[in-house]
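Just so you know, these numbers use all the heavy atoms, side chains as well, and skip hydrogens, waters and symmetry mates. Note that the structure is predicted; figures quoted are calculated from it, not measured. Residue numbers start from 1 in every chain, and the chains themselves are labelled A, B, ... in the order their sequence lines are given, proteins ahead of strands.
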Amino acid sequence: MNYWLIKSEPFVYSYDQLVNDGKTDWTGVRNYQARNNLKAMEKGDICFYYHSNEGMEIVGSAKVNKTFFQDPTTEDKNWVAVEVVPHKKFKKTVKLQDVKEDKRLANMVLVKNSRLSVQPVTAAEAKIIEELSK
DNA sequence: GCCAACGTTGGC
DNA sequence: GCCAACGTTGGC
């Protein structure tokens with residue numbers, strides 16, 4: 001089982017929206033590195049849910065419910081989507097600032113390559129994030 | 001709204 | 001195949 005971090009602008013699709021919908025197809029990824037991460041996801045993997053631009057915080061986690069399939073929003077066979085369902089809404093959101101201030105999280109992709117929209121998260125990092133969210 | 005960092009495109 | 005030019009993302 002693996003951990004990931006997926007990013008969304010809350011005014012486009014927020015975590016609360018996902019909770020309301022119950023599930024959603026994670027579409028629109030148009031970056032090869034992010035695409036490869038989508039393809040590597042397995043059912044049951046945990047995806048931390050990060051709000052970019054507004055909020056700039058991890059607000060909860062989602063779970064991979066269906067592994068990758070052709071992105072329904074494009075004909076281009078290069079792009080894929082996965083289906084995710086809400087998992088845990090954090091009691092306390094983890095701000096980007098909190099991540100940056102925690103030395104143990106200094107190597108997170110979120111810090112190192114903030115532009116990547118689907119990122120791998122190590123088990124150690126996942127544990128720390130869960131700790132910070134309590 | 002600015003701009004740094006990164007990815008992609010296209011001319012050579 | 002290199003790299004300059006351009007576009008996009010996202011933190012500030």
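- Taking hydrophobic clusters as Ile, Leu, Val, Met, Phe, Trp and Tyr residues chained together by side-chain heavy-atom distances below 4.5 Å, A:Val121 shares a cluster with A:Leu110.
- Counting to the nearest Å, the C1' atom of C:dG10 and the CD1 atom of A:Ile58 are 15 Å from each other.
- Paired with A:Val118 under the rule side-chain contact (heavy atoms from CB on, under 4.5 Å), one option of A:Val109, A:Asn36, A:Ile6, A:Val82 passes, and it is A:Ile6.
- Spacing between atom CD of A:Glu54 and atom C1' of C:dT9 amounts to 15 Å, rounded to whole angstrom units.
- Under the rule for a salt bridge (Lys or Arg N to Asp or Glu O under 4.0 Å), A:Lys23 has no partner lying at least two apart in sequence or in another chain.
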- [ ] Treat primed atoms plus P, OP1 and OP2 as sugar-phosphate and everything else as base, then score nucleotides 2-7 of chain B 5' to 3': B for base contact with protein heavy atoms under 4.0 Å, S for sugar-phosphate contact only, - for none.
- [x] ---BBS
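- Going from atom CE of A:Met56 over to atom P of C:dC12 covers 6 Å, rounded to whole Å.
- Legend: residues meeting salt bridge (Lys or Arg N to Asp or Glu O under 4.0 Å) with A:Glu131, ordered by chain and number and at least two apart, are A:Arg104.
- A salt bridge is defined here as a Lys NZ or Arg NE, NH1 or NH2 lying under 4.0 Å from an Asp or Glu carboxylate O, and A:Lys66 with A:Asp25 fails to meet this definition.
- Annotation: proximity of residues 98-108 of chain A to DNA chain B (heavy atom, distance under 4.0 Å) is found for no residue.
- Atom CG in A:Leu110 sits roughly 10 Å away from atom P in C:dG10 (whole-Å rounding).
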Open item on the list: Applying side chain to side chain contact (heavy atoms under 4.5 Å, CB included) to A:Val29 and A:Asp71, what does each step give before you reach the verdict?
Closed with: CA-CA 9 Å; A:Val29 170; A:Asp71 185 337; 5.8 Å; no
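- C:dC12 atom P lies 14 Å from atom CD of A:Glu57, rounded to whole Å.
- Applying the ring pair (Phe, Tyr, Trp, His ring centres under 6.0 Å) test to every pair with at least one member in residues 24-44 of chain A, sequence neighbours left out, gives these pairs: A:Trp26-A:Tyr49, A:Tyr32-A:Trp79.
- Atom P of nucleotide C:dG11 and atom NE2 of A:His51 are separated by 12 Å, given to the nearest angstrom.
- Contacts of A:Ser52 classified as side chain to side chain contact (heavy atoms under 4.5 Å, CB included), with partners at least two apart in sequence or in another chain: A:Glu9, A:Tyr50.
- Within 4.0 Å of A:Leu116, counting heavy atoms only, lies no atom of the nucleic acid at all.
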